[in-house]
Structures are given as C-alpha cells and as structure tokens.
A.B. asks: 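For reference, the structure I am asking about is given below.
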Amino acid sequence: MKETVKNLITDALKRAKNEGVLILESTPDIVIEEPKDEKLGDFATTLAMQLARPEKKNPKLIAEIICGFLNDGVDLISSAEVAGPGFINIKMSGDFFLNGLREAIRLGSGFGQSDIGGKKKVLVEFVSANPTGPLHVGHGRGAAVGHALSCLLKKAGYDVSTEYYINDVGNQMNNLGRSTWMRYKERLGKHAVFPEDGYQGDYIKDIAQEIIDKDGSSHLDKKDEDALTYFRQYSKDSILDGIRNDLKEFRVEFDRWFSEASLDEDDSVNKSIHWLREKGFVYDKDGATWVKTSQFKDDADRVIIKQGGERTYFCSDIAYHKNKVDRGYDLILDLWGADHHGYVPRMQSVLEAMGYSQDVFKVLLVQFVTLKRGGQKVSMSTRSGEFETLADVVAEVGVDATRFFFLMRSSDSHLDFDLDLAKKESPENPVYYIQYAHARVCSVFRTAEEQGVPAPNLDSADLSLLREEEEFALMKKILTYPACIEKSAQSQEIHRIAFYLQELVSIFHSYYKQHRVVTDNRELTLARLLLLDCLRNVIASGLNILGVSAPEKM
RNA sequence: GCCCCCGUAGCUCAGCAGGAUAGAGCACCGGAUUCCUAAUCCGGGGGCCGUGCGUUCGAAUCGCGCCGGGGGCACCA
C-alpha cells in the first residue's frame with residue numbers, strides 16, 4: 001500500500017523535475033508514514049523537509065510544489081496538503097482502498113504472504129532444553145516465540161527449518177542416570193546415596209517407579225556401571241518423550257531433533273577441534289585445552305577440554321554450530337534464555353575464527369517469565385523441584401491463552417504472566433477479544449446462510465457500495481497486514497502480530513456495533529460479507545502465526 | 001568490577017531506522033441490547049516518557065553519565 005503511494009510521489013517528483021521546478025540531483029529515499037491523527041490524512045511524508053537543504057528552498061514551498069503535482073490528475077489521491085513545517089499529508093481516494101481490498105480478497109488466505117525473505121534458508125533452533133527434567137514455563141516462552149517466529153518468517157518468504165538440539169552427552173546425563181538409579185534402589189529398600197547435585201524432582205521418582213513396574217528388582221544384581229548405563233538411557237528417553245509430548249500439546253513441532261551424541265558418531269567434534277588447532281586458535285594450558293575466543297569478540301579464552309579430558313558443553317556446541325552453517329543455511333537463528341547471554345560472544349568468536357560471515361549467526365535472547373497468582377510471584381526453584389512446568393500452566397489456562405500471553409510482549413522484556421488473568425474467560429482476557437471477533441464474523445456468515453444469502457465473491461458483490469467511514473477504517477487496517485508481517489519478520493518481533501490483531505479486531509467490533517451486515521439490502525449485504533470474509537482471513541492468518549486457534553463459535 | 005534486558009497512566013505494556021496534541025488493555029466512574037454473539041460498544045478522569053547532560057530546526061525515540069529493578073559473568077549445562 002505504502003509502495004503505491006511511494007510510486008505516486010516518485011512520479012510527481014519526476015514531473016516536477018521535468019518542468020524544472022525542482023532540481024533533484026539525487027532521488028531521495030521517500031519515507032511514507034501514517035499520521036497519528038487520522039483526520040490529517042491517510043499518509044504523510046517528511047520528504048519536503050529532507051529536500052530543503054539540497055534544494056536550497058523553504059520546506060513549505062517545496063511541499064507546496066509537490067502537492068501541486070500530487071493533486072493534479074492523480075486519481076488515487078483525493079487530496080495532498082501541506083501542514084506544519086512542511087509535512088505533506090495525503091488523503092487517498094475510496095478507489096485506492098477498494099482496489100487494495102479487491103486484491104486482498106483475490107489473494108484469499110495468501111494475503112499477507114511476502115517475498116522479502118527471498119527464500120533465504122533459515123534454521124531456527126529453539127527450546128533445546130536438556131533432557132534432565134520436564135519443560136518449565138521459561139522453555140514454554142521460548143517454544144512459543146520460536147515456533148511463532150518460524151511461522152512468521154515463512155509468511156515473510158523465508159525458507160524456514162526448525163530444530164531442537166538435545167544435549168544427551170556428558171556429566172549431566174551421568175548425573176541423571178545416577179539420580180534415577182538411586183531412587184530405584186531407595187524404592188526397593190536398598191541402601192542408596194543420592195548424589196549431592198542430583199536431580200531432586202519427583203519426576204525422577206516416577207521414572208524409577210516405571211522401571212520397577214517394568215523390570216522389577218532385576219537391576220539390583222547389576223554392576224553399578226552397567227546399571228548406570230541403563231538408567232541413564234532410560235531416564236533420558238523417558239524425559240525426552242515427555243518433552244516431545246508437552247511440546248506437541250503446546251502445538252510446537254520441530255523439523256529435526258538433533259542429538260549431540262550424533263556429533264561423535266561422525267567424529268565431527270574432534271574434527272572441529274583439530275581444524276581450529278591447525279589454524280592456531282587452540283592451545284593447551286594448565287592441563288586443559290583452550291580456544292582463543294578473546295582474539296575475537298569474547299573477553300576471555302574458553303576451555304573446550306577440561307583437565308580430566310572431558311569436553312565442555314561449549315566444545316560440542318562449536319561442532320554443532322559448524323554443522324549447522326555447513327548445512328547451507330543463510331541464517332542460523334538461535335533462541336536462548338536470557339541467562340545465556342554471556343555465552344553469545346564466545347559462539348560468535350568461534351564462528352568468526354572458522355571464517356564464517358558474521359551475519360550468518362544470530363542469537364535472540366528471550367527474557368524471563370515471572371508467574372503470578374493472586375498478585376503474588378510463584379516461586380520457581382529448579383533445585384527443589386517445585387518449579388511450574390509448562391504442562392501445568394497449559395493444563396491450568398489452556399494452550400491458546402498460554403501461547404498468546406507468551407507472545408503478546410516483546411520477547412526482550414521480562415514477562416509477568418498473570419495466571420488468574422490468563423485463566424479468566426472474561427473480557428479482561430485479551431486472547432478472547434481476538435478470538436471472539438473471529439467467532440462473531442463466522443456467526444454473521446451463519447446468519448447470512450440461514451437467510452439464504454449466497455457466499456459472496458468478487459463477481460457477485462459490488463464493493464463500491466462500501467461507503468461507511470468504519471468500513472474504510474477496517475479496510476485500511478486490513479491492508480496494512482502485509483506491512484505488519486514484513487516489519488515483524490525483519491525485526492524478528494513476534495509481539496507486533498499480537499498488537500496488530502488487537503487493533504484490527506477493535507475496529508471490527510466497533511463497526512459491527514454500528515452497522516448491520518445482513519440486511520434486506522441484498523447488494524449491500526454481499527459487499528459487507530465480502531469485506532468480513534477478508535477480515536476473517538486476516539484474523540485467522542494472524543492467529544495461525546501465533547499458534548492460537550481461530551474458533552468459529554465461542 | 002564487567003556484560004545483557006528493562007524503567008512511559010494506579011497495574012501490565014505498546015510506541016524507540018528522531019517528527020505534528022505520547023497510546024492500548026486492565027482497574028476506576030458514567031452510559032448503550034425490539035435487530036447478525038454484551039466474551040461487545042460509546043464516553044470520562046488519569047502522564048516532569050527514571051534522572052542529568054549532549055547531538056538536532058525537532059528527542060519517549062540517538063549518545064554519554066547517574067539512579068532503580070531483573071539476569072549473567074565456571075575446567076556447569
């Protein structure tokens with residue numbers, strides 16, 4: 001839409017130049033904005049102010065010249081006026097919006113699809129919680145944001161894949177295995193020393209019980225080492241199944257689950273270290289092996305192999321990220337919890353050392369979630385195992401509300417998640433406000449059908465019958481949907497979609513109150529239905545990006 | 001000490017590739033239903049945009065300092 005306006009202005013500038021009224025040595029970048037106050041016009045540009053210097057003219061005068069050309073014989077513009085210090089305010093004609101609406105209707109559910117992504121291959125990695133316990137609310141936010149962002153990027157024309165990285169190697173897995181093993185022994189009345197840094201949660205006891213139910217006490221005869229191998233594997237699989245299931249319930253699925261262990265199978269961890277060593281980025285000190293990240297963005301070198309010969313998490317992460325880049329993605333997007341922010345420079349540093357472009361890897365930090373109940377913070381201590389799991393929250397407030405609450409705030413802001421509010425099936429709850437609009441539109445269509453009004457289409461309905469102010473307000477908002485998609489995708493800010501939907505739907509509710517859609521006037525009814533059909537598409541499309549359902553009835 | 005995020009209405013937050021009188025929801029007060037869903041709509045009050053300085057014709061928006069809140073600074077993951 002703005003593009004069209006831009007073209008009209010560019011055209012006006014050309015004519016001004018041809019007639020010698022403006023010099024225009026270089027074509028300026030024309031920025032189209034929407035005035036805060038609608039009464040001023042549909043669009044505005046500060047172009048004249050920008051041109052003041054190069055043209056050596058008063059901005060107001062330049063604005064007047066440009067307005068002259070815009071007002072002269074441009075059908076789509078109804079008026080162009082100078083305001084204030086040199087703003088150009090433009091009102092568009094009804095046809096301009098009706099044309100836009102026709103195009104939106106023609107595109108149907110494809111409306112909003114953009115190609116700014118240029119089919120660039122993007123890999124979005126998110127959640128990637130360690131398989132040592134169930135997902136908590138923090139992971140939930142990451143899951144919702146990651147998934148919604150993937151949908152958004154697809155809609156914006158990127159070629160998106162999603163991935164979950166499973167840290168199924170190392171100390172924590174041993175710890176997990178030992179924790180379950182000890183709980184198992186405890187339950188069977190044997191002497192057991194629970195590891196000091198073991199996993200405390202009740203889910204460990206549940207897994208131990210599962211094994212008892214399945215295998216009885218047969219593992220007691222095993223050597224410690226053999227038992228551990230079994231308990232480690234079993235616990236990991238069990239927890240991972242739980243995670244997969246929680247995510248599925250939360251409507252989040254991944255294209256690929258990438259196991260850290262698989263990086264050993266093809267020796268790629270060692271290969272990465274070797275490669276870095278050959279290039280001189282790796283050295284040995286104090287019995288450990290270090291990588292020279294401080295040569296790049298990091299403020300210290302980092303250990304990749306500990307004194308005991310064990311690898312750090314960072315070590316395999318290097319191989320994993322190299323693997324991701326080598327798979328040919330144009331952009332690697334990682335969503336991390338904000339507590340990992342200190343980890344960003346070292347990852348960037350290693351990729352830089354490896355000679356990859358600095359633009360290929362980007363981390364989005366998702367800030368913390370504070371759960372509130374009755375105005376009180378809900379404590380979330382993982383150690384004691386009394387944290388709120390994602391599954392608990394979903395069970396309490398439902399998938400739609402949970403997802404929406406995670407997505408309605410900028411992800412780099414801390415989030416206060418008010419459980420009482422999210423749970424309410426009442427007007428204070430913003431999810432229902434949007435969903436209700438969709439249901440309402442569907443209801444109008446049911447009424448129309450009952451009254452024998454056929455489904456409208458561009459041939460049967462005459463859109464020029466739409467003349468109400470509120471109808472144009474609705475059209476205008478609908479038509480900014482593609483721009484909203486693009487801006488959200490470019491800035492990777494999913495909350496913009498949530499805000500857009502609330503604004504869009506608010507205009508609809510207001511329109512609905514003032515004008516009846518299904519009336520005796522068949523022609524007008526068809527035109528209004530077609531407008532609402534388009535609206536319904538946009539709401540459904542936006543909600544779909546957020547992973548929130550668009551109900552036909554409420 | 002260093003690093004990241006945040007500070008805007010009573011509360012939760014938008015706005016921040018500088019622009020016209022700073023917005024929304026909730027809460028509060030007052031109204032609206034013979035008719036397609038009142039989970040809705042309309043109206044009202046409410047703001048030194050944390051603070052100081054700087055850049056600019058113009059700053060909530062950009063830069064620096066300070067204050068306040070959250071988080072992070074492992075041979076943990």
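Throughout, protein chains are lettered first and strands after them, A, B, ... in sequence-line order, and every chain is numbered starting at 1. The figures here come from the full heavy-atom set of this structure, side chains too, leaving out hydrogens, waters and symmetry mates.
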A.B. asks: What integer number of Å spans the C1' atoms of G72(B) and G15(B)?
C.D. replies: 29 Å
A.B. asks: Can you list everything that forms a side chain to side chain contact (heavy atoms under 4.5 Å, CB included) with Gln490(A)? Sequence neighbours excluded, please.
C.D. replies: Ile116(A)
A.B. asks: Respond yes when some side-chain nitrogen or oxygen of Ser413(A) is under 4.0 Å from OP1 or OP2 of A14(B), and no when none is.
C.D. replies: yes
A.B. asks: Check whether the aromatic ring of Phe368(A) stacks on the base of G71(B), taking stacking as ring centres less than 5.5 Å apart and planes within 30° of each other.
C.D. replies: no
A.B. asks: Please verify the inter-ring angle class for His321(A) with Phe361(A); under 30° counts as parallel, over 60° as perpendicular, anything in between as tilted.
C.D. replies: perpendicular
A.B. asks: Where does the angle between the aromatic ring planes of Phe499(A) and His495(A) fall among parallel (under 30°), tilted (30 to 60°) and perpendicular (over 60°)?
C.D. replies: perpendicular
A.B. asks: With a non-hydrogen cut-off below 4.0 angstrom, is Gln307(A) in contact with a base, only sugar-phosphate, or nothing?
C.D. replies: base
A.B. asks: Tell me the closest heavy-atom pair linking Ser413(A) and Arg141(A), and the distance in Å.
C.D. replies: O-NH1, 3.0 Å
A.B. asks: Would you say the side chain of Arg446(A) lies within less than 4.5 Å of the side chain of Lys553(A), judging by non-hydrogen atoms?
C.D. replies: yes
A.B. asks: Please evaluate residues Glu34(A) and Lys2(A) with respect to the criterion salt bridge (charged side-chain N to carboxylate O under 4.0 Å, His left out), reporting the C-alpha separation (whole Å), side-chain torsions for both, the decisive distance (0.1 Å), and the verdict.
C.D. replies: CA-CA 9 Å; Glu34(A) 284 152 66; Lys2(A) 282 186 183 172; 3.5 Å; yes
A.B. asks: Between His340(A) and C5(B), is there a contact of a side-chain N or O with OP1 or OP2 at under 4.0 Å?
C.D. replies: no
A.B. asks: Out of curiosity, Glu125(A) CD to Trp336(A) CH2, how far, rounded to the nearest 0.5 Å?
C.D. replies: 8.0 Å
A.B. asks: Excluding sequence neighbours, so at least two apart, what forms side chain to side chain donor-acceptor pair (under 3.5 Å) with Ser294(A)?
C.D. replies: Asp301(A)
A.B. asks: For atom C1', what is the distance between U33(B) and G69(B), given to the nearest Å?
C.D. replies: 46 Å
A.B. asks: For A74(B), measure the glycosidic angle (O4'-C1'-N9-C4 for a purine, O4'-C1'-N1-C2 for a pyrimidine) and name it syn if it falls within 90° of 0, otherwise anti.
C.D. replies: anti
A.B. asks: Heavy atoms from C-beta onward define the side chain here; which of C75(B), C42(B), C36(B) lies closest to that of Ser510(A)?
C.D. replies: C42(B)
A.B. asks: Scan side-chain atoms only and decide if Thr132(A) and Gln172(A) contain a donor-acceptor pair under the 3.5 Å cut-off.
C.D. replies: no
A.B. asks: Less than 4.5 Å apart, side chain to side chain, heavy atoms only: is that true for Thr389(A) and Asp246(A)?
C.D. replies: no
A.B. asks: If you look at every strand shown and take non-hydrogen atoms under 4.0 Å, does Asp286(A) touch a base, only sugar-phosphate, or nothing?
C.D. replies: base
A.B. asks: Could you give the distance separating G30(B) and C64(B) at their P atoms, to the nearest angstrom?
C.D. replies: 49 Å
A.B. asks: Could you go through the salt bridge (charged side-chain N to carboxylate O under 4.0 Å, His left out) check for Arg373(A) and Glu388(A) one step at a time?
C.D. replies: CA-CA 12 Å; Arg373(A) 197 192 297 275; Glu388(A) 289 276 340; 3.3 Å; yes
A.B. asks: Please state the C1' separation for the pair A32(B) and G68(B) - nearest whole angstrom.
C.D. replies: 45 Å
A.B. asks: I'd like to compare against my own output: the B/S/- annotation of nucleotides 58-63 of chain B with a strict under-4.0 Å heavy-atom distance to protein.
C.D. replies: ------
A.B. asks: Using a 4.0 Å heavy-atom cut-off, does Ala44(A) contact any base of the nucleic acid, only the sugar-phosphate backbone, or nothing at all?
C.D. replies: base
A.B. asks: Touch check for Met408(A), heavy atoms < 4.0 angstrom, all strands: base, sugar-phosphate only, or nothing?
C.D. replies: nothing
A.B. asks: Does Arg528(A) have a side-chain nitrogen or oxygen under 4.0 Å from the phosphate oxygens OP1 or OP2 of C36(B)?
C.D. replies: no
A.B. asks: Mind listing the closest non-hydrogen atom pair of Pro59(A) and Ala48(A) along with its distance?
C.D. replies: O-CB, 3.4 Å
A.B. asks: Using a 4.0 Å heavy-atom cut-off, does Tyr343(A) contact any base of the nucleic acid, only the sugar-phosphate backbone, or nothing at all?
C.D. replies: base
A.B. asks: Between C16(B) and Lys487(A), is there an OP1 or OP2 to side-chain N/O distance shorter than 4.0 Å?
C.D. replies: yes
A.B. asks: Enumerate all atom pairs, one protein N or O and one N or O from nucleotides 29-35 of chain B, separated by less than 3.5 Å.
C.D. replies:
{"residue": "C35(B)", "atom": "O2'", "partner": "Arg516(A)", "partner atom": "NH1", "Å": "2.2"}
{"residue": "C35(B)", "atom": "O2'", "partner": "Arg516(A)", "partner atom": "NH2", "Å": "3.2"}

A.B. asks: Which part of the nucleic acid, if any, lies within contact of Ala83(A), taking any heavy atom under 4.0 Å across all strands shown: a base, the sugar-phosphate backbone alone, or nothing?
C.D. replies: base
A.B. asks: What's the closest nucleotide to the side chain of Tyr512(A) if the choices are A39(B), A38(B), U12(B)?
C.D. replies: A38(B)
A.B. asks: Taking the minimum atom-to-atom distance to the side chain of Val518(A), which one of C13(B), C36(B), A20(B) wins?
C.D. replies: C36(B)
A.B. asks: May I ask you to say what Ser410(A) touches in the nucleic acid, namely base, sugar-phosphate or nothing, with a heavy-atom cut-off under 4.0 Å?
C.D. replies: sugar-phosphate
A.B. asks: Would you say the base of G71(B) and the side-chain of His414(A) have a donor-acceptor pair closer than 3.5 Å?
C.D. replies: no
A.B. asks: Considering only heavy atoms, which members of residues 444-452 of chain A lie under 4.0 Å from some atom of RNA chain B?
C.D. replies: Val444(A), Arg446(A), Thr447(A)
A.B. asks: Both Lys372(A) and Arg302(A) contact RNA chain B. Taking the nearest nucleotide for each, which residue is further toward the 5' end?
C.D. replies: Lys372(A)
A.B. asks: Which is true for His515(A) with a 4.0 Å heavy-atom rule: it touches a base, it touches only sugar-phosphate, or it touches nothing?
C.D. replies: base
A.B. asks: Taking the side chain of Phe499(A) as its heavy atoms from C-beta onward, which of C13(B), C5(B), C41(B) lies nearest to it?
C.D. replies: C13(B)
A.B. asks: Below 4.0 angstrom from OP1 or OP2 of C16(B), is there any side-chain N or O of Arg496(A)?
C.D. replies: yes
A.B. asks: Could you tell me how far A60(B) sits from C6(B) if I compare only their C1' atoms? Round to whole Å.
C.D. replies: 14 Å
A.B. asks: Of all the base pairs, Watson-Crick or G-U under 3.5 Å, which form stems of three or more consecutive pairs involving RNA chain B?
C.D. replies: B:1-7 with B:67-73, B:10-13 with B:23-26, B:28-32 with B:40-44, B:50-54 with B:62-66
A.B. asks: Is Arg346(A) salt-bridged to Asp317(A), cutoff N-O under 4.0 Å?
C.D. replies: no
A.B. asks: At 4.0 Å (heavy atoms only), tell me whether Asn89(A) reaches a base, stays on the sugar-phosphate, or touches nothing.
C.D. replies: base
A.B. asks: Decide whether Glu260(A) and Asn167(A) meet the rule of one side-chain donor and one side-chain acceptor closer than 3.5 Å.
C.D. replies: yes
A.B. asks: Tell me the interatomic distance from Arg373(A), atom CZ, to C11(B), atom C1', rounded to whole angstroms.
C.D. replies: 19 Å
A.B. asks: Take the protein atom OH of Tyr500(A) and the nucleotide atom C1' of G25(B), then report the distance between them rounded to whole Å.
C.D. replies: 19 Å
A.B. asks: Expressed in angstrom and rounded to an integer, what is the separation of His438(A) atom NE2 from U40(B) atom C1'?
C.D. replies: 17 Å
A.B. asks: With the side chain counted from C-beta on, respond yes when Arg244(A) and Pro131(A) share a heavy-atom pair under 4.5 Å apart, and no when they do not.
C.D. replies: no
A.B. asks: Which of these nucleotides, A14(B), C75(B), G19(B), is closest to any side-chain atom of Thr312(A)?
C.D. replies: C75(B)
A.B. asks: Tell me the interatomic distance from His495(A), atom NE2, to C6(B), atom P, rounded to whole angstroms.
C.D. replies: 11 Å
A.B. asks: Find the distance between OG1 (Thr293(A)) and CD1 (Ile304(A)) and round it off to the nearest 0.5 Å.
C.D. replies: 10.0 Å
A.B. asks: Quick one: is C41(B) close enough that its OP1 or OP2 comes under 4.0 Å of any side-chain N or O from Tyr433(A)?
C.D. replies: yes
A.B. asks: What is the ring orientation for Tyr343(A) with Phe314(A), classed by angle as parallel under 30°, tilted 30 to 60°, or perpendicular over 60°?
C.D. replies: perpendicular
A.B. asks: Which nucleotide wins on minimum distance to the side chain of His341(A), given the candidates C36(B), C13(B), C4(B)?
C.D. replies: C4(B)
A.B. asks: Rounded to whole angstrom units, what separation is found between the CG atom of Asn171(A) and the P atom of A74(B)?
C.D. replies: 18 Å
